[in-house]
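Single-structure report; data block below.
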Protein chains: 2
Amino acid sequence: MANSKLYKGSLVTIILKLLNESDKMYGYEITQKVKALTKGELKITEGALYPALHKLEAEGLLEVEVKKVDNRLRKYYRLTEKGSKETVTKLQELQEYIMTMQVIVNPKLSLE
Amino acid sequence: MANSKLYKGSLVTIILKLLNESDKMYGYEITQKVKALTKGELKITEGALYPALHKLEAEGLLEVEVKKVDNRLRKYYRLTEKGSKETVTKLQELQEYIMTMQVIVNPKLSLE
DNA sequence: TTATATGCATAAGAATATTATGTATATTTG
DNA sequence: CAAATATACATAATATTCTTATGCATATAA
């Protein structure tokens, strides 16, 4: 992915969340969407994205539909039911992660 | 570290921030401090911590002072000036990371 | 006296990402 | 019109970071 090492481990969460919003997306579209949303801050590399998509598919979280558009292939991915559930889990984990880090970084905060 | 994969990449930020608050700390103390702050949510493993401390020392961000307490060794680490500067950078990166992820996760937000 | 806590360390392996390629078509630019 | 850039997928080699498993040693609690 990009610059700060903190993004390590976030890719699956990002993919699942985007698919949860957009119904179906193809790989290249995901890279462009993230670049646009983050004003170029975060650039997902193909070497990370495609293997991640394949793994999510193998795990049954995504399903694929191949289409030919403008004489070029597109592999559209969409969440399975299992993928939708996992999305909820991943988003909860992200919120927990953020809260935990806030507590460590801001000594005035504390967890209940 | 622990459970959610999101913590990957966060260890250095955590170490630097804790040392920035506490002046000097030793390894075991760091693991206990994090466990206490996060109510057990996050457990830093020794296999991750000690190599990280050694690396930060090798990079000149930390300096060491060995002390014998109760007949047991303690290696106290404290930030160098370079380490203090890097702490600021790492905390900024954490805030950026959190903002970026919020934008991706919450479609109603956007970056300026 | 046996387990747990304190305190350090490293090696093997897993997981995740970067960098570098490769293939192919479409479109923009000089 | 040729060359560069954009679109679209893919994988292999390498780097980075962490988990798990060990190992050593002393102190304290059960």
Side-chain angles (χ1 to χ4, degrees), chain A residues 1-16 24-36 40-59 61-62 64-77 90 93-94 97 100-101, chain B residues 1-16 24-36 40 42-59 62 64-77 90 93-94 97 100-101:
Chain A
M1 302 175 71
N3 27 41
S4 166
K5 292 165 187 172
L6 296 168
Y7 291 100
K8 226 179 235 293
S10 309
L11 181 55
V12 167
T13 305
I14 292 171
I15 292 172
L16 293 180
K24 71 178 181 192
M25 296 181 83
Y26 55 100
Y28 185 75
E29 187 183 11
I30 291 175
T31 67
Q32 299 309 300
K33 178 77 173 178
V34 170
K35 206 200 287 184
E41 243 277 304
L42 183 54
K43 283 165 192 159
I44 292 180
T45 61
E46 296 158 299
L49 178 64
Y50 291 116
L53 289 172
H54 300 161
K55 193 183 173 208
L56 290 171
E57 186 195 352
E59 291 169 348
L61 303 182
L62 303 184
V64 192
E65 179 192 354
V66 179
K67 279 196 178 179
K68 202 160 197 171
V69 181
D70 292 332
N71 208 33
R72 273 196 300 257
L73 273 190
R74 283 184 188 171
K75 293 180 78 172
Y76 280 95
Y77 291 90
K90 289 292 182 198
E93 285 183 0
L94 177 60
Y97 167 79
T100 297
M101 289 302 287
Chain B
M1 301 171 70
N3 29 43
S4 166
K5 292 165 187 172
L6 296 168
Y7 292 100
K8 225 181 237 294
S10 309
L11 181 55
V12 168
T13 304
I14 292 171
I15 292 171
L16 294 181
K24 71 178 180 191
M25 295 180 84
Y26 56 100
Y28 185 77
E29 186 182 10
I30 292 175
T31 67
Q32 299 308 302
K33 179 77 172 176
V34 170
K35 205 198 289 184
L42 182 54
K43 283 166 192 158
I44 293 180
T45 61
E46 296 158 298
L49 179 63
Y50 291 117
L53 289 172
H54 301 161
K55 193 181 173 213
L56 290 171
E57 185 195 351
E59 291 168 350
L62 303 184
V64 193
E65 179 193 352
V66 180
K67 279 196 180 179
K68 201 159 198 172
V69 181
D70 291 332
N71 207 31
R72 274 196 301 256
L73 274 190
R74 283 185 189 170
K75 292 179 80 173
Y76 279 96
Y77 291 90
K90 289 292 181 197
E93 285 183 1
L94 177 61
Y97 166 80
T100 298
M101 289 303 287

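As a basis for the values below, the full set of heavy atoms in this structure was taken, side chains included, without hydrogen atoms, waters or symmetry mates. Below, read A as the first sequence line, B as the second, and so on, with proteins coming before strands; counting in each chain starts at 1. Owing to the predicted nature of the structure, the values given are computational and were not obtained by experimental measurement.
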Can you tell me if the side-chain N/O atoms of A:K55 get under 4.0 Å from OP1 or OP2 in C:dT16? yes

In whole Å, I'd like the distance from the CD atom of A:E29 to the P atom of D:dA6. 18 Å

Go through it in stages, so that I can follow the logic: the residues are B:L62 and B:L16, the test is side-chain contact (heavy atoms from CB on, under 4.5 Å), and I'd like the CA-CA distance, side-chain angles, deciding distance and then a yes or no. CA-CA 9 Å; B:L62 303 184; B:L16 294 181; 4.2 Å; yes

Measuring from A:K68:NZ to A:L73:CG, what's the distance to the nearest 0.5 Å? 6.0 Å

What is the distance, rounded to the nearest whole Å, between atom CG of A:D70 and atom C1' of D:dA6? 12 Å

State whether B:H54 places a side-chain N or O below 4.0 Å from either non-bridging phosphate oxygen (OP1 or OP2) of C:dT10. yes

Hey, does the side chain of A:N71 come within less than 4.0 Å of C:dA24's phosphate (OP1/OP2), counting only N and O? no

So OG of A:S10 and NZ of B:K8: to nearest 0.5 Å the spacing works out to 12.0 Å

Once you apply a heavy-atom cut-off of 4.0 Å, does B:R74 come out as touching a base, just sugar-phosphate, or nothing? sugar-phosphate

OP1 or OP2 of D:dA10 under 4.0 Å from side-chain N/O of A:K75: yes

Please tell me if B:Y50 has a side-chain N or O lying less than 4.0 Å from either OP1 or OP2 of C:dC8. yes

Most 5' of A:Y77 and B:R72 on DNA chain D, judged by nearest nucleotide: A:Y77

What is the separation between atom CG on A:L49 and atom P on D:dT11, rounded to the nearest whole Å? 12 Å

In whole Å, I'd like the distance from the CE atom of A:M25 to the C1' atom of D:dT7. 15 Å

For the pair A:E29 and A:Y77, evaluate side chain to side chain donor-acceptor pair (under 3.5 Å) and give the outcome as yes or no after the intermediate values. CA-CA 11 Å; A:E29 187 183 11; A:Y77 291 90; over 6 Å; no

Rounded to the nearest Å, what distance is computed from the CD atom of residue B:E59 to the C1' atom of nucleotide D:dT16? 12 Å

Nearest-nucleotide check on DNA chain C, B:P51 vs B:Q32; residue mapping nearer the 5' end is B:Q32

When you look at NZ of A:K33, are more than 12 heavy atoms from neighbouring residues, nucleotides or ligands closer to it than 6.0 Å? no

Take the protein atom CG of A:L53 and the nucleotide atom P of C:dT16, then report the distance between them rounded to whole Å. 14 Å

As an exercise, state the distance from OH of B:Y26 to CD of B:Q32, rounded to the nearest 0.5 Å. 8.5 Å

Does A:Y26 have a side-chain nitrogen or oxygen under 4.0 Å from the phosphate oxygens OP1 or OP2 of D:dA8? yes

Could you check how far OH of B:Y97 sits from P of C:dA17, rounded to whole Å? 10 Å

Which is true for B:G47 with a 4.0 Å heavy-atom rule: it touches a base, it touches only sugar-phosphate, or it touches nothing? base

d(NZ, B:K68; P, D:dA25) in whole Å: 13 Å

Would you mind telling me which of D:dA6, C:dT19, C:dT6 lies closest to the side-chain atoms of B:Y28? C:dT6

Answer with yes or no whether A:K8 presents, from its side chain, a donor or acceptor under 3.5 Å of a partner atom in the base of D:dT17. no

With sugar-phosphate meaning primed atoms plus P, OP1 and OP2, does B:E46 contact a base, only sugar-phosphate, or nothing at under 4.0 Å between heavy atoms? base

